[in-house]
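Data first, discussion second: the structure below is written as structure tokens.
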Amino acid sequence: MSFLWGAATSSYQIEGAFADDGRGPSIWDTFSRTPGKVVNGETGDVACDHYHRYLDDAQLMAGLGLQAYRFSISWPRIVPEPGVVNRKGLDFYDRLVDALLAREILPWPTLYHWDLPQHLEDAGGWPARDTAYRFAEYAGIVHEALRDRVSHWTTLNEPWCSALLGYANGEHAPGREEPSAAVAAVHHLLLGHGLAVPLLSGNIGITLNMSHVTAATEAPEDVDAARRIDGIQNRLFVDPVLRGAYPADVMADLAGLSDFSHVHDGDLEIISRPVDFLGVNYYSPALVAAGEPVPQGSTPWIGAESAHWVDGGRERTSMGWEIDESGLHDLLVRLRKDYPAVDLYITENGAAFADVVSSDGAVHDPDRIDYLRRHLNACADAIRDGVPLKGYFAWSLLDNFEWAHGYGRRFGIVHVDFDTQKRTPKDSALWYAARIRKGDL
Ligand code: FCB
């Protein structure tokens with residue numbers, strides 16, 4: 001059995017070059033410049049300067065033996081202003097794709113990893129239905145430019161984050177605290193996905209961030225809290241895409257926020273157009289109990305305001321996320337059992353730790369090696385249990401701009417010195433390279 005080994009990044013987190021070659025502003029440019037939104041007021045203005053260093057980075061990937069590279073396309077580079085297509089923006093991805101193919105690395109672009117052009121937010125953002133149509137238009141433009149060399153397309157990365165962190169509690173750009181608008185944003189993201197599907201060719205999929213949710217006790221209120229979190233985190237997204245329907249219980253949970261009149265006849269048929277793969281991003285499980293409700297606007301977990309996370313007593317990464325690879329295994333098995341058959345890829349999995357360059361010039365990150373090893377073993381177990389898992393992308397190739405956390409959370413298998421832009425493969429990168437050379441999972 002062949003298994004695809006890769007690593008992932010996203011445009012705003014690594015490219016920098018925020019004003020080069022006609023790029024327009026995105027919601028993350030605006031948000032990161034808003035005082036108090038990102039730790040230390042950091043921005044993606046320079047990030048890993050990948051826009052200028054992509055050739056070296058492609059060479060670095062080749063050195064590690066990566067077979068695939070999951071990156072995202074910056075919409076504001078391609079459509080910097082309403083109705084304008086920026087050829088120079090497309091040219092960058094043209095060069096990047098060529099650099100990857102020359103090194104026998106499969107390019108795996110994601111069309112939207114959170115950097116909405118600011119002009120589209122000004123016109124209403126994802127709560128506005130028109131944004132879905134603008135997304136499809138943009139998807140068609142990128143496809144036209146790269147279709148001769150790109151065979152794998154992901155429409156969206158983690159619409160949960162775009163909609164709920166972006167519009168429900170405002171932790172991410174555009175920073176709106178409007179839970180009702182967030183429900184519409186969910187739908188318009190999914191609609192944009194479905195509208196884009198027939199405009200793309202090859203292998204087409206969507207990436208969702210999913211968690212394995214369990215109740216802390218068997219008490220009915222804890223079981224209900226877990227049902228609600230599972231609903232808003234997982235089923236609100238995967239059900240419409242793979243089954244063509246919103247889950248009735250989640251619609252009931254959200255009834256106080258939305259009457260779902262933004263769902264038009266035929267939308268769910270569009271959203272559930274067949275896809276070739278589902279990308280799963282997995283980091284951490286959720287152990288949930290019921291407690292005092294938190295105010296609306298303060299949580300992305302809309303419809304689950306009484307749910308609280310319970311300490312599972314496991315080790316944590318520097319994000320504070322508990323490490324539990326059994327959650328990944330169980331999630332994959334559930335997807336196989338509960339949903340129509342579709343190829344699965346882990347499109348992100350990884351861990352942030354406080355890495356430093358040692359006096360020997362290396363970055364010793366045994367915690368990350370342990371994390372990756374455990375999660376890859378969970379993938380192998382899932383495959384033995386019949387899960388059609390076809391590949392794995394480590395998050396991330398490079399240390400990068402970790403959204404509201406800025407540069408202080410290092411997820412890379414390659415260390416980046418943000419003063420000098422020097423790249424140093426960490427021990428985990430060398431370990432991962434050896435694992436790839438070994439072959440199958
Ligand atoms: C995911 C995002 C990715 C990165 C990782 C840590 O939610 O897709 O950009 O921030 O988390």
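Just follow the structure's listing: the first ligand is 1, and inside any ligand the first atom is 1. In this text, all values refer to a predicted model and were calculated from it rather than measured experimentally.
The nearest heavy-atom contact from the protein to atom 7 (O) of ligand 1 is Glu158 OE1, 2.5 Å. Taking atom 5 (C) of ligand 1 as the reference point, the nearest protein heavy-atom neighbour is Tyr283 OH, 3.3 Å.
Checked by distance only, ligand 1 and Glu402 come closer than 3.5 Å through their nitrogen or oxygen atoms. Of the N or O atoms in His113, one or more lie within a sub-3.5 Å distance of an N or O in ligand 1.
Between the side chains of Thr347 and Asn281, a donor-acceptor pair is found at a separation under 3.5 Å. Of the N and O atoms on the side chains of Asn209 and Tyr282, not one donor lies less than 3.5 Å from an acceptor on the other residue. Tyr54 and Glu15 share no donor-acceptor pair across their side chains, judged by distance under 3.5 Å alone.
Close contacts of ligand 1 with Trp403, meaning ligand atoms under 4.0 Å from a residue heavy atom, involve 3 (C), 4 (C), 9 (O), 10 (O). Annotation for ligand 1: atoms under 4.0 Å from non-hydrogen atoms of Asn157 are 8 (O).
The aromatic rings of Phe401 and Trp403 stand perpendicular to each other, their planes meeting at an angle above 60°, with 30° marking the opposite boundary.
Taking only non-hydrogen atoms, the option from Glu348, His172, His405, Gln13 nearest to atom 8 (O) of ligand 1 is Glu348.
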Margin query: Quick one, Tyr69 with Asp57, criterion side chain to side chain donor-acceptor pair (under 3.5 Å). Give me CA distance, side-chain angles, the key distance, then yes/no.
Written below: CA-CA 11 Å; Tyr69 173 48; Asp57 289 339; over 6 Å; no
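Classification of Asp330 and Arg334 as a salt-bridged pair fails, no side-chain N sitting under 4.0 Å from a carboxylate O.
Using a 4.0 Å cut-off between heavy atoms, Asn209 makes no contact with ligand 1 at all.
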